[in-house]
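Heavy atoms only: backbone and side chains are in, while hydrogens, waters and symmetry mates are out.
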Amino acid sequence: VPFSADLTAATTILLSLQPGTTYSFRLRALNGNAVASGFSAVVTTATRPSPLGGLTGAALGASSITWTWGSSGPAARYRVHSASAGVLLAETAQASFTLLGLSTNTPYGIQVRPLVAAEAGALSAASTVFTLAVAPEPAAAQSLSSGAIALSWSANGNPAGTRYEVSLSTPGFPTAV
């Protein structure tokens, strides 16, 4: 802010700065004869990073999920939080995060907060992804009558509420070559 702006208050707000950017400031005063003082000590701080964009996840298997995201501004680190409990899961310099050792066919969600210096941006919107379901254990089939067969199988670790598909063929399924 130049002297010509007639700033006389001991405070001001600087607008239109870049998000997630470190800025250094110094001040000086002008007396009534238009003689400038020396500069003050330098103060450095950063603007908050912009909210993240593009947080998406993908199941890697029945027990792991990875998330990736983009940023609308620079960030030195990211804090990854559980979307359901808000608990800090990790802090990383990478724009990705993987959870391992998860339960089969179960939803997991995260939110990410960008960091620049000591300034934290807003939490991202949540991204929730299900781990993959696993194939049920082989079915047992029992003929009940000339027009009915009973099938049963083991869930093989899939939780209650998992949906199953039963395919029917006579006499068998083609083999892919």
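Val1 and Leu30 are members of different hydrophobic clusters when ILVMFWY side chains are connected at heavy-atom separations under 4.5 Å. Hydrophobic clustering (ILVMFWY, side-chain heavy atoms < 4.5 Å, transitive): Leu60 and Ile110 are in distinct clusters.
Two residues are said to be in side-chain contact when any heavy atoms from C-beta on lie closer than 4.5 Å; Pro138 and Trp153 fail this criterion. Leu115 has its side chain within reach of Glu91: a pair of non-hydrogen atoms, C-beta onward, lies under 4.5 Å apart. Here the side chains of Tyr164 and Asn158 are in contact, with some heavy-atom distance below 4.5 Å. In this structure, Ile65 and Phe130 have side chains that are not in contact, with every pair of non-hydrogen atoms separated by 4.5 Å or more. Counting only heavy atoms from C-beta outward, the side chains of Leu17 and Tyr23 approach each other to under 4.5 Å. In this structure, Leu15 and Ile13 have side chains that are in contact, with non-hydrogen atoms separated by less than 4.5 Å. With a 4.5 Å cut-off on side-chain heavy atoms, Phe97 and Leu89 count as touching.
A distance of 4.5 Å separates OG of Ser127 from CG of Leu55, quoted to the nearest 0.5 Å.
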Exercise for the section: Check the pair Val129, Tyr108 against side chain to side chain contact (heavy atoms under 4.5 Å, CB included), reporting the backbone distance first and the verdict last. Expected result: CA-CA 6 Å; Val129 177; Tyr108 293 89; over 6 Å; no

Exercise for the section: Go through Trp69 and Tyr78 one step at a time and tell me if the ring pair (Phe, Tyr, Trp, His ring centres under 6.0 Å) criterion holds. Expected result: CA-CA 10 Å; Trp69 54 87; Tyr78 303 95; 5.3 Å; yes

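Nearest heavy atoms, Glu119 versus Pro49: O-CD, 3.8 Å.
No side-chain donor-acceptor contact under 3.5 Å links Thr68 and Ser96.
Only one option out of Asn105, Thr104, Asn156, Thr106 pairs with Thr162 in a side-chain hydrogen bond (donor to acceptor under 3.5 Å, both in side chains); it is Asn105.
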